Number of protein chains: 2
Amino acid sequence: MFKQVKQNKAYQDVVEQIQEAIMEGTLKPGSMLPAERELKEQFGISRGTLREALRVLEQKGLIEIRTGVAGGSIIREVNSEKLSENLGLLIRNRAVSLRDLAEFREGMEGGVAALAAQRAGEQDIASLQGLLAVAQGHLKEGRKGWDAFVRTDEQIHMALARMSGNPLFITVLTSVYHNIHTYYENYLPWNKELLQENFTDLCNIVAAVSAGEAERAREIALGHVRRFNAYMEEKQA
Amino acid sequence: MFKQVKQNKAYQDVVEQIQEAIMEGTLKPGSMLPAERELKEQFGISRGTLREALRVLEQKGLIEIRTGVAGGSIIREVNSEKLSENLGLLIRNRAVSLRDLAEFREGMEGGVAALAAQRAGEQDIASLQGLLAVAQGHLKEGRKGWDAFVRTDEQIHMALARMSGNPLFITVLTSVYHNIHTYYENYLPWNKELLQENFTDLCNIVAAVSAGEAERAREIALGHVRRFNAYMEEKQA
DNA sequence: AATTTACGAATGGTTAAACCATTAGCAGTT
DNA sequence: AACTGCTAATGGTTTAACCATTCGTAAATT
């Protein structure tokens, strides 16, 4: 008949209050919370309890805590760092496999390329072409340039994500790349043909984006990721 | 010349030790940590410091803390709950627009439907058809069944995500749906034709999934989301 | 015998006051 | 002008005690 009364622990209540204030905009990024000895008075709790609350907020990525005379709790710009960290935990625990990551990427890259094609400005296109040039340079270096090439490849994909203008794509892809990288480094046998093929794909994607051809960009990007994933499956199996 | 010495705070050290033990498998899900008063001795720290560490581990989703005589810190099966929570925070805070959410959904639904078509078993297909029947029932109820229809629609999409077997899709789409729902409820003007059209789409998607036709499922799902988003843009503009 | 009640013990939750460690700014010195 | 050392404010940690919740068990009741 009646609803269970929610018995909040004191520190949870503090976390919620501060989190809501941040979400509402009452507390703005860059501003600081009062000192611990002041805050504990405002909330009417002990310092230990307050510190448990602050640790939680820190772990959520909502505040950063600094020591020293000008130290304290600084409200942070919300970012995807903790999300990425969390994803990394899942991966390490084998809850998310390399295959899962690759599949997920396959689902998103096409859409990202299409959006980028619709929205890229002149500056964006110039920066893409700059990255392509860098990639080509690394490719010419032979084996010792491979690592750098892969990183540049990743940068191009991230640049496309940014041009999509969609913070969700940017955040989620950032996390995926950050975590997929370790797999590549440790397990994937690279070779010259694969890199060359990748480079050609990238050139085609950039060309389609530059021309504003969304559907063509989508198709090429999707094919690019698919081919890459197929290679990976083959080598891993 | 020398590398900066990393001055770990005591609680961080504790977090790392316990986290590593969990990741390595030394501490298995379901097992319990010693009581706080015992643990603090083992680590050689005070109880307050230990509790800060436990709060962090709890916030990471690695342990669950229970009170009472048989209480304590239980090692949890790693799951995506906190990742979802984190994504929700990002969505709320970054003022991710409805359009961003819709675009992102557009990027993923096609791939999800295709994977579901490849992987759905007999039971999965039966449960999809059960959901369709429920949806149809709500549709017949007229206006008062609309809300229920929308919820069922969402359940069908979530079921497809689960059938994709990819924890990333499941996690991310769960967060997206959870957050897009509030928008729909508050801002979107539904009408009978739209719902009917949605229902037809769903039937077609389920048919394609049942037949194991991945590419057809992809196309229909993509078209479905696109048509829906277009309608939304029109009504919001 | 079965059920209910009351209590004890173990565990997490919270408090209080003190002291340690770090750091920005200032005052004095060179 | 540059260096040096002090001061004060802030987070980091410790200690010891008590409160609150919960499970098992023993006693009381039916």
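In the text below, chain A, chain B and the rest are named by the order of the sequence lines, each starting its count at 1. None of these values were measured; they are calculated from a predicted model.
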List the steps and the verdict of side chain to side chain contact (heavy atoms under 4.5 Å, CB included) for B:Asn166 and B:Ile170. CA-CA 6 Å; B:Asn166 190 319; B:Ile170 299 172; 5.9 Å; no

Determine, step by step, whether B:Glu106 and B:Arg99 satisfy the salt bridge (Lys or Arg N to Asp or Glu O under 4.0 Å) criterion, reporting the C-alpha distance in whole Å, the side-chain angles of both residues, the deciding distance to 0.1 Å, and the verdict. CA-CA 10 Å; B:Glu106 197 172 309; B:Arg99 182 181 193 150; over 6 Å; no

Apply salt bridge (Lys or Arg N to Asp or Glu O under 4.0 Å) to residues B:Arg55 and B:Glu58 and explain how you reach the verdict. CA-CA 5 Å; B:Arg55 278 278 109 75; B:Glu58 184 185 49; 3.0 Å; yes

Decide salt bridge (Lys or Arg N to Asp or Glu O under 4.0 Å) for B:Lys82 and B:Glu85; before the verdict, give the C-alpha distance in whole Å, the side-chain angles of both, and the deciding distance to 0.1 Å. CA-CA 5 Å; B:Lys82 291 293 167 185; B:Glu85 193 181 308; 3.4 Å; yes

Checking A:Arg66 against A:Glu64 for the salt bridge (Lys or Arg N to Asp or Glu O under 4.0 Å) test, could you report, in this order, the C-alpha distance in whole Å, the side-chain angles of both residues, the deciding distance, and whether it holds? CA-CA 7 Å; A:Arg66 288 191 196 152; A:Glu64 180 188 336; 3.3 Å; yes

Step by step, work out the side chain to side chain contact (heavy atoms under 4.5 Å, CB included) result for B:Gln12 and B:Glu52. CA-CA 9 Å; B:Gln12 281 180 328; B:Glu52 290 188 26; over 6 Å; no

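If you check D:dT10, D:dG12, D:dT13 against the side chain of B:Tyr11, the one that comes closest is D:dT13.
At whole-Å resolution of the value, CG in A:Asn8 and C1' in C:dG12 are 16 Å apart. Across the protein-nucleic acid pair, A:Glu36 atom CD and D:dG12 atom C1' stand 8 Å apart, rounded to whole Å. Look at CG on A:Leu39: it is 17 Å from P on D:dA9, rounded to the nearest Å. The nearest whole Å value for the distance from the CG atom in A:Leu50 to the C1' atom in C:dT14 is 13 Å. Distance CZ (A:Phe43) to C1' (C:dT15): 17 Å, rounded to an integer number of Å. What separates CZ of B:Arg47 from P of C:dG13 is a distance of 8 Å, to the nearest Å. One can place CG of B:Leu54 at 14 Å from P of C:dT11, the figure rounded to the nearest angstrom. The interatomic distance linking B:Arg37 (CZ) with D:dC18 (P) rounds to 13 Å, in whole Å.
For C:dG13, the base has no donor-acceptor partner in the side chain of B:Arg55 [N/O atoms by modelled type, under 3.5 angstrom].
In this structure, A:Arg51 reaches the D:dG12 phosphate: one of its side-chain N or O atoms is under 4.0 Å from OP1 or OP2. Residue B:Thr49 places no side-chain N or O under 4.0 Å from the OP1 or OP2 atom of D:dG12.
Between A:Glu20 and B:Arg92 there is a salt bridge, since a side-chain N of the basic residue sits under 4.0 Å from a carboxylate O of the acidic one.
No option in A:Ile45, A:Asn8, A:Thr49, A:Ile18 other than A:Asn8 meets the side-chain contact (heavy atoms from CB on, under 4.5 Å) test with A:Asp13.
A heavy-atom distance below 4.5 Å is not found between the side chains of A:Tyr11 and A:Leu50.
Residues from residues 56-70 of chain A with heavy atoms under 4.0 angstrom of DNA chain C, sorted by number: A:Thr67, A:Gly68, A:Val69, A:Ala70.
Heavy atoms of B:Ile45 sit under 4.0 angstrom from primed sugar atoms or phosphate atoms, though from no base atom.
Axis orientation changes by 10° from one end of the helix from C:dA1-D:dT30 to C:dT30-D:dA1 to the other, with each end axis drawn from 5 pairs and the value rounded to 10°.
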